Amino acid sequence: MRMIDLIEKKQHKEALTEEEIKWMIENYTSDTIPDYQMSAMAMAIYFNGMDQTERSAMTMAMVESGDQIDLSAIEGIKVDKHSTGGVGDTTTLVLAPLVASVGVPVAKMSGRGLGHTGGTIDKLEAVPGFHVELSQEEFIDLVNKNKVAVVGQSGNLTPADKKIYALRDVTGTVESIPLIASSIMSKKIAAGADAIVLDVKIGAGAFMKNEEQARELAETMVSIGQSVGRQTMAVISDMSQPLGNAIGNSLEIKEAIDTLKGEGPKDLTELCLVLGSQMAYLGGVGSTLEEARERLEENLKNGKALETFKTFIASQGGDASVADNPDEVMEQAKYEQDIKAQESGVVSEIGADQIGIAAMMLGAGRETKDSVLDMTAGLYLHKKVGDKVEAGETLVTAYSNKEISESIKEKVLNNIRISEHAEEPTLIYTIIK
């Protein structure tokens, strides 16, 4: 078998066989196939796509390129969730304890963030003492005991994906649906989940800018999951404005706690209930999504979701009293600045991507892998799209351990549009199963 023959085959819009794809991924991972040939293949896939059989074969070949986590020692159906990312995406912090509170095991493997804010692990480490350095045995024991644990990503999961992802980034092939889908799904499958729920974001703060693209990606990932024996569902949700009100590590922990008390922002609460219903249903709770949702809503009201959060935090070394006194337990910012509206009207647009960059400039996110996070830094939105505002009223409060510059205030104000009228954006576009 020769790589040049496979490249030409894909250039002529022919489907690669499972054997050919497996050979290609194995040899690229072992450095037998050079980057320039895999670049040519990525470009051929970018222009000519892959059919469902190819996509599944590509995903599983990447899964098999490295370690696979064996979660069979955990009782029950293990359900995982993946979001394609965004600004203020606090869902995992809420979903992990909420879904665990109804008895569904959530064995979550998460990473650190590079961008607007930290990743899930970074956010959790805003709680003093919390750690994710768990052995495989400790991780499994905690999930069996508490139904939830979060651990850092293994160094050798899907090495083929790491190599191909880096290549796509410098060859203009990032936006290939088959390559995005196989990248995401290979990591989820290698992490050992029995069922997977996907949150595909759409809008200014998301990778997918329109519904057609988002639907194609969601349908592709669901079909890959189902074809390799994983129950898979997807939601297409809005990221034209930040989710919830908080952007920043400590701020998002506090907002997650409010949500687990049943007092969180309307959009964050609703998205967590939609995604959580899918996770709970796939995990065997209720005979319908509606029944699963009722169980989740009940646990937000009766305090079980918050108690599960406390147990989860304490079991991984964190100070569980954060759930009762977040401002006392977590570090507070030295500087706090209200950013006020310059005119009256209705908020008609909040540019999620640029607002996210403003939060990163404050210290909430990493500009490079070596950047040190300021856990206190971030933005709190007092107004969302559709809300009325008066001139001089606070739109956003900025927090940081360094002085808040005029350029950050300007960036925030330049990316919040105030008009005479506006409609609230659609939060959930569609559910794919």
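Being a predicted model, the structure only gives us computed values, none of them experimental.
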[X] side-chain N/O to [Y] backbone N/O, donor-acceptor pair under 3.5 Å:
| X | Y | result |
| --- | --- | --- |
| Asp267 | Leu243 | no |
| Ser344 | Glu390 | no |
| Asp338 | Thr394 | no |
| Gln316 | Val150 | yes |
| Glu367 | Gly365 | no |
| Ser176 | Thr173 | no |
| Thr311 | Glu307 | yes |
| Thr158 | Asp161 | no |

Assess, by modelled atom type and distance only, whether the side chains of Thr59 and Ser182 contain a donor and an acceptor separated by less than 3.5 Å.
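No, no side-chain donor-acceptor pair sits under 3.5 Å.
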Between Thr92 and Lys108, do the side chains contain an N or O donor and an N or O acceptor separated by less than 3.5 Å?
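No pair is found: no donor N or O on one side chain lies under 3.5 Å from an acceptor on the other.
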[atom1] ([X]) with more than 12 external heavy atoms under 6.0 Å:
| X | atom1 | result |
| --- | --- | --- |
| Glu212 | CD | no |
| Lys209 | NZ | yes |
| Lys187 | NZ | yes |

Can you sort out the partners of [X] under side-chain hydrogen bond (donor to acceptor under 3.5 Å, both in side chains), two or more places apart, ordered by chain and number?
| X | value |
| --- | --- |
| Gln231 | none |
| Asp387 | none |
| Ser186 | none |
| Ser237 | Asp199, Lys201 |

What pairs with Tyr380 under ring-ring contact (aromatic ring centres under 6.0 Å, His included), at least two apart in sequence or on another chain?
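For Tyr380 the ring-ring contact (aromatic ring centres under 6.0 Å, His included) partners, ignoring immediate neighbours, are His382.
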With sequence neighbours excluded, residues passing ring-ring contact (aromatic ring centres under 6.0 Å, His included) with His82:
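Expected list: none.
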Give every residue pair that meets the salt bridge (Lys or Arg N to Asp or Glu O under 4.0 Å) criterion with at least one member in [range], sequence neighbours excluded.
| range | result |
| --- | --- |
| residues 414-423 | Glu349-Arg417 |
| residues 247-257 | Lys123-Glu252, Lys254-Asp327 |
| residues 221-243 | none |
| residues 34-55 | Lys10-Glu54 |

Is there a side-chain contact between [X] and [Y] (heavy atoms, below 4.5 Å)?
| X | Y | value |
| --- | --- | --- |
| Trp23 | Leu16 | no |
| Ile202 | Arg215 | no |
| Val228 | Ile189 | yes |
| Leu271 | Thr91 | yes |
| Met58 | Ile25 | yes |
| Asn249 | Leu373 | yes |

I'd like to know if [X] pairs up with [Y] as an ion pair, taking the criterion as any Lys NZ or Arg NE/NH1/NH2 lying under 4.0 Å from an Asp or Glu carboxylate oxygen.
| X | Y | value |
| --- | --- | --- |
| Glu18 | Lys22 | no |
| Glu424 | Lys384 | no |
| Glu175 | Arg168 | no |

Would you give the length of the straight line joining atom CE of Met360 to atom CG of Asp374, rounded to the nearest 0.5 angstrom?
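Rounded to the nearest 0.5 Å, the CE-CG separation comes to 14.0 Å.
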Which pair of heavy atoms, one from Ala100 and one from Thr308, lies closest together, and at what distance?
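Looking at all heavy atoms of both residues, the shortest contact is CB-CG2, 3.9 Å.
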Does any pair with a residue in residues 292-302 pass side-chain hydrogen bond (donor to acceptor under 3.5 Å, both in side chains), and if so which ones, sequence neighbours excluded?
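Only Ser101-Asn299, Glu270-Arg293, Arg293-Glu297, Asn299-Asn302 qualify under side-chain hydrogen bond (donor to acceptor under 3.5 Å, both in side chains).
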Sorted by first residue and then second, give each ring pair (Phe, Tyr, Trp, His ring centres under 6.0 Å) pair with at least one member in residues 281-312; sequence neighbours left out.
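Matches after skipping sequence neighbours: Phe130-Phe312.
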